[in-house]
K.L.:
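Before we start, here is the structure in question, set down as structure tokens.
In listed order, ligands and their atoms are each counted from 1.
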Amino acid sequence: MEKKTSIWKLEQSRIDNIIELIRTKRTGLEENTGQLKENIIDLRKNFWEDVTVNIDEPDEVIETYASIKQQAELLSERERSHGQFYKSIKLYNRLEDSPYFARIDFTEDGGKKETVYIGIGSLMDKKEDDFLIYDWRAPISSMYYDYSPGAAEYETPEGKIKGEMDLKRQFLIRKGKITGLFDTGITIGDTLLQQVLGGNASSQMKSIVATIQKEQNRIIRYEKDKMLVVQGVAGSGKTSAAMQRIAYLLYRYRKTIRADQVLLFSPNQMFISYVSSVLPELGEENMRQNTFQEYAAQRLDDEYKLETPFEQLEYLLTSREDGADARIDGIHFKAGLEFKHLIDEYVKELAKKGMHFRNIKFRGERIVAANEINNYFYQLDAAMSIPNKIEQVMEWLLEKVKELEKREIDKDWPVEEAAFMDKKDYLDAYKSLQKNQQFNEETFDDYQREEELLTRVVVERSLRPLRKKIKKLKFIHLRKIYQGLYEHDLPFSYPDNWKQIGEKSIAALQSNILYAEDITPYLYLQDQIEGRKINPVIQYVFIDEAQDYSPFQFEFIRQLFPNAHFTLLGDYNQAILANVGESPTILEAAGGYEHVERMKLMRSYRSTKPIVEFTSRIVPGGHEIEAFNRDGTLPRIHLADSEPSQFDQIKTTIRERQQEGQETIAILGRTKEECQHIVSSLQDEFSPRYIYKESQTFEKGLMVLPVYLAKGIEFDSVIIPDASAATYYRENERKLFYTACTRAMHELDICYRGEMSPFLKQIPSELYE
Ligand SMILES: Nc1ncnc2c1ncn2[C@@H]1O[C@H](COP(=O)(O)OP(=O)(O)OP(=O)(O)O)[C@@H](O)[C@H]1O
């Protein structure tokens, strides 16, 4: 005890010294930042005074250019330093509160013992000679995550460093004071991890730097192959590892990669806001985040209403209409790469025949007929690619518009419209004429000339939207071309009910709805015709919940980012979207690519041991799932004999959980309809928050939401309102049920009526109450 106290005091006094140094450094920096800011303002104000502008002689032009460039470089260098200072100040503020979370003592073979303190950022001593704190991402820090005391090693750019680690200590420091100190043995302090995981759910994901596990650290620091595929069980820290990996990459390649060159594909909007605080907490800027849906919507310019994958799932969970089977078959077929090959074949056909174009109209009159465009297109050199031909068509149409412009100027309508021009438009037109030096004060009263020039402006303006449309290639009738896919008989093995599949899609398209399963193929076809849109800037793409992306969709994304490294994370047991059907998910199928590294995460950290033991029985192969050793109560299954008593049961459960202090309680319904029903029956007493749209964020308290919106998120307590055999019985909903149950961190309650779902029947009764 005596020893511990003295260690504690010693460590605290080191922290006190460090905090003092942090404060001194920060004050110095703040003074410098202030000066720098003034300096930047001055530079901006006097930018033109400090450059020599002279453009009369060619030599002087070069000199002027050099002078401007030099001045601009100076300014941007100062601005960069300012950004850097600002970042350092923010880091000091965080370090002042909690300078580090770990210490390791390491003796390199043949070297001296080194004491390494690890925190979220690094700190040098006064003389800037030695590290007082190492960044958790520094090579030496990796030993903290990878080894227990004993022989240890770490990689550096110069090679492996081996030695002996004889102390591994963890700290909990808040407001500069040690509140916990543990010397750890075999794994990274179970004590600390126990404490962290025992806390309440938060509406924002937290960083896990202090307790990253060895298997997670491999993912975070992986650098070799272009593609990393992680299959991890529910709650194994996939998303957490992904976020730490981004922070790691931004540090490791800080000279070459910026945060906006990293893109994370997220399952929904709620998830986007859930993870958005992790990187700022670590002192990094957020990466770009997008849902695939958002990306598609941007590309399609609001031409269609896009069905979301969640609406598609709702349809499948609830639809009993005729033709639903055809749609399901269509969803599965269109998810596969075979459909992509089919489109490739179709495009080859289109090079010969079958394109569709739209009439070009102006003021209700047809200027160029669709078949004229068609003829022009097909008389172009057959060796040219379709996108090249399209470009030629565009140029040709723009020429036609020019001719049209000349004709329209002589008509009456522009004169009439010019007369009704409002004052502002009139002045704008006048100014633009003056700018083009077609006009001056003396000639302005020349009425005829004024009229002529104004009509020209009127015509040019009226033609602007048409020109824009042509440049955006809107003369291609993509919908019809896409529909043509169902009409052609290409040498391919179509599903038997291809015709019915086509009818469903076409009916939707004609009402301007693009089904979720048609979005990727539609965009892909568009790219083949208009030319592929690629993004060469993005260096790292992360796909979370990757099990829900179809192989076609993944291939499409891969081609979109030709220079990127990919990290895919997911769990095939949570493949709840209809894309995949019974086929392997991309986590399993990504094997077709070269240079892929695969990793597995088998241990679940989110839920208590009893919950993991229970939920792992729901899915095949679940015996391989390991639970982190965190105690808790057994899940409870509640039987009711009628609907009212089932609701009473739910209410009692809510009250109990609230009394226990569970802050975030989620009732996860199978469909929206079920959720609405629950919300209305709980309204009077509990006023739960109903989350039905992915754009909503979640907060602490009691909420009701469909399972698919809870993807990737967690709650202190989860209540499954109805797990009767009449509700959950279809085999293809097993994963949905599993996903629902694995959202629980501390408590899981399942209600049912009559017979229990077959997914529950197989669970040994000693695993629940
Ligand atoms: N090393 C760790 N230290 C502390 N907490 C951890 C660690 N690993 C995971 N966790 C916690 O476990 C929970 C689950 O993590 P995360 O959401 O990253 O898992 P996931 O594999 O993405 O889950 P799912 O597939 O079920 O959505 C989170 O609360 C996370 O903070």
K.L.:
If you count only heavy atoms, which residues are under 4.0 Å from ligand 1?
P.N.:
Leu193, Leu197, Met205, Ile208, Thr211, Ile212, Gln213, Gln216, Val233, Ala234, Gly235, Ser236, Gly237, Lys238, Thr239, Ser240, Glu545, Gln574, Tyr605, Arg606, Gly712, Glu714, Arg743
K.L.:
Indicate whether any N or O donor in one side chain lies under 3.5 Å from an N or O acceptor in the other, for Tyr248 and Glu284.
P.N.:
no
K.L.:
What residues form a salt bridge (Lys or Arg N to Asp or Glu O under 4.0 Å) with Asp225, not counting sequence neighbours?
P.N.:
none
K.L.:
So which pairs with a foot in residues 623-638 pass salt bridge (charged side-chain N to carboxylate O under 4.0 Å, His left out), sequence neighbours left out?
P.N.:
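Passing the test, one end in residues 623-638: Arg603-Glu626, Arg636-Glu747, Arg636-Asp749.
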K.L.:
Residues in side chain to side chain contact (heavy atoms under 4.5 Å, CB included) with Arg258, at least two apart?
P.N.:
Asp260, Gln261
K.L.:
I'd like to know if the side chain of Gln547 pairs up with that of Glu545 as donor and acceptor (distance under 3.5 Å, no hydrogens or angles considered).
P.N.:
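The criterion, which ignores hydrogens and geometry beyond distance, is satisfied for Glu545 and Gln547.
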K.L.:
Do Tyr605 and Gln216 pair up side chain to side chain, a donor and an acceptor below 3.5 Å, judged on atom types alone?
P.N.:
no
